Amino acid sequence: MEIAVFDTHRFDREALERANVRYGHRLEFLEPRLTSATAALAQGSGAVCSFVNDRVDAEALERIAAAGVRLVALRGAGYNHVDLAAAARLGIPVVRVPEYSPHAVAEHAIALLLALVRGIPRARDRVRDLNFSLEGLVGFDLHGKTAAVAGAGRIGKVAARILAGFGCRVLVYDRTPDPEIAALPGVRYTDLDEVYRESHVISLHVPLTPETHHLLDAAAFSRMRRGVYVVNTGRGALIDTRALIEALKSGKVGGAALDVYEEEEGIFFRDLSDQVLQDDVLARLLTFPNVLVTAHQAFLTREALDNIADTTLANVTAFERGEPLVNEVRAADVLGPALEGEDGPRAAPPAV
Ligand code: NAI
């Protein structure tokens, strides 16, 4: 099947081409992100392959449907950027890669945390400038500290294990506790109240939903331990960034390690080094010495890219052959039956 791959970067082009040796699809690599304005580029393709900062809203979906597209294949786990109700209305299944390497993301969260706690980026800058002073680089041991994991699914579980391995007391907040994680030495499920009150470190691994939008807002920060370190490799809008900036200014938050940012769309994944940054909130965030930002790269390991490419192409092949879509994201499952339309959940489409 011809697949229009939007927002193509060299790293995913290479991985998709490597995996496609086994699948034989026709891959059309496109640089623009998928939005209603670029949807027409999918003309002639049976499927679009979408990345995390595309805007797959109702208008974009109507336009790709008009262009002949019959499948949206997300090359990632998150689907908060897709209007699933509109896709269901148009009869376009949405498939994703639910798991590709929870280790990649959890390890990046911990890498950010360690780098921030020990002042590694500042130390590196200094040493390159032949400044070997240690002033201002005092960190703290993670061993013996209380570290919270909010959302202990695939990624959060790995993060909890790593933090327990450091000798942290690990508090886990999740609406569905897992007995295997609860049985780990030093790990305990609890409520948000205790997470905020007790934790020296809070790492976010819940998905972005209406319920978790701005989970960390001014009220949440006010309930936290003074000097808490916040790590976010989930989604940007889990944190109210303006409230985070105030909490950093007051010292309530001692450090923030962020791989995601709520207004990252149109900024992250792009080289803007010769431009004036127009986002004043991000610009302010980048001025703090105790903030470390990476541009949504937690997933970016060789293992994860190969898994993403393989599952994405397998998803398209299953659709093409009329096989069950095991990785379909159904509006009814996510949003409730009323939003999927009158036909209810669909069977896999016929072979085409
Ligand atoms: P998952 O679905 O395996 O786990 C999510 C966990 O959060 C589940 O245990 C669920 O019970 C819990 N949860 C959901 N809503 C909740 C709520 N309101 N309150 C308490 N707990 C709640 O997801 P996975 O694979 O661990 O991924 C987590 C998130 O990480 C993704 O949704 C995505 O946004 C983000 N992510 C970021 C990447 C990056 O490169 N920065 C890469 C991949 C995922």
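Worth saying up front: this structure is predicted, and the values here are computed from it rather than measured. Atoms within each ligand, like the ligands themselves, are counted from 1 in listed order.
Protein heavy atom at the shortest distance from atom 21 (N) of ligand 1 is R175 N, 3.3 Å. Of the protein's non-hydrogen atoms, R235 NH1, 3.6 Å is the one closest to atom 33 (C) of ligand 1. For atom 23 (O) of ligand 1, the closest non-hydrogen atom on the protein side is R154 NH1, 4.1 Å. Protein heavy atom at the shortest distance from atom 4 (O) of ligand 1 is G153 CA, 3.1 Å. The protein heavy-atom contact nearest to atom 28 (C) of ligand 1 is H205 O, 3.3 Å.
With ligand atoms numbered from 1 in the order given, ligand 1 contributes 7 (O) to contacts under 4.0 Å with heavy atoms of G151. The atoms of ligand 1 that sit less than 4.0 Å from any heavy atom of T176 are 11 (O). Proximity to Y173 (heavy-atom distance under 4.0 Å) selects the following atoms of ligand 1: 19 (N), 20 (C). Residue T233 approaches ligand 1 through these ligand atoms, each under 4.0 Å from one of its heavy atoms: 35 (C), 36 (N), 37 (C), 38 (C), 39 (C), 41 (N). Near A298, meaning under 4.0 Å from any of its heavy atoms, are these atoms of ligand 1: 39 (C), 40 (O), 41 (N). Close contacts between ligand 1 and D259 involve ligand atoms 39 (C), 40 (O), 41 (N) [criterion: under 4.0 Å to a heavy atom]. For ligand 1 and H296, the ligand atoms under 4.0 Å from any heavy atom of the residue are 39 (C), 40 (O), 41 (N).
Here T212 has side-chain heavy atoms under 4.0 Å from ligand 1, and that is the only part of it that gets that close. At a heavy-atom cutoff of 4.0 Å, ligand 1 is contacted by the side chain of E211 but not by its backbone. Contacts of Q297 with ligand 1, taken as heavy-atom pairs under 4.0 Å, are absent altogether. The backbone of A152, and not its side chain, has at least one atom closer than 4.0 Å to an atom of ligand 1 (non-hydrogen atoms only; backbone = N, CA, C, O). Under 4.0 angstrom from ligand 1, the non-hydrogen atoms of D174 come from both its backbone and its side chain.
Checking A295, G234, P207 against atom 5 (C) of ligand 1, the nearest heavy atom belongs to P207. Of the candidates L208, L300, V206, it is V206 that places a heavy atom closest to atom 22 (C) of ligand 1.
Considering backbone and side-chain N/O of I155, one or more are found under 3.5 Å from N/O of ligand 1. An N or O contact shorter than 3.5 Å is missing between T209 and ligand 1 by distance. Considering backbone and side-chain N/O of V105, none are found under 3.5 Å from N/O of ligand 1. The distance criterion of under 3.5 Å between nitrogen or oxygen atoms is not met by Y100 with respect to ligand 1.
Aromatic rings from Y229 and F140 are positioned such that their centres are separated by under 6.0 Å.
Across all non-hydrogen atoms, the minimal contact from T146 to E198 is CB-O, 3.6 Å. In terms of heavy-atom proximity, R96 sits nearest to P98 at O-CD, 3.3 Å. Heavy-atom minimum distance, H205 versus I155: ND1-CG2, 3.5 Å.
In this structure, P102 has no heavy atom closer than 4.0 Å to ligand 1.
Here the side chains of R188 and E194 are in contact, with some heavy-atom distance below 4.5 Å. For the pair F299 and Y100, the minimum side-chain heavy-atom distance is below 4.5 Å. Between F319 and P93 the shortest side-chain heavy-atom distance falls below 4.5 Å. Contact check for T294 versus H108: side-chain heavy atoms found under the 4.5 Å cut-off. Inter-residue side-chain proximity for I239 and L215 is flagged as unmet; no heavy-atom pair is nearer than 4.5 Å.
Taking a cutoff of 4.0 Å between a charged side-chain nitrogen and a carboxylate oxygen, D310 and R18 do not qualify as a salt bridge.
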task = Output, in order, the C-alpha distance, side-chain angles, deciding distance and verdict of side-chain contact (heavy atoms from CB on, under 4.5 Å) for V281 and E263.
result = CA-CA 9 Å; V281 176; E263 303 296 336; over 6 Å; no
task = Would you check, one step at a time, whether the test side-chain hydrogen bond (donor to acceptor under 3.5 Å, both in side chains) holds for Q297 with D259?
result = CA-CA 7 Å; Q297 71 171 73; D259 185 52; 6.0 Å; no
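Checked against R75 for a side chain to side chain donor-acceptor pair (under 3.5 Å), the options N315, D12, T312 give a single hit: D12. The residue from Y79, F268, F269 that alone fulfils the ring-ring contact (aromatic ring centres under 6.0 Å, His included) condition with F51 is F269.
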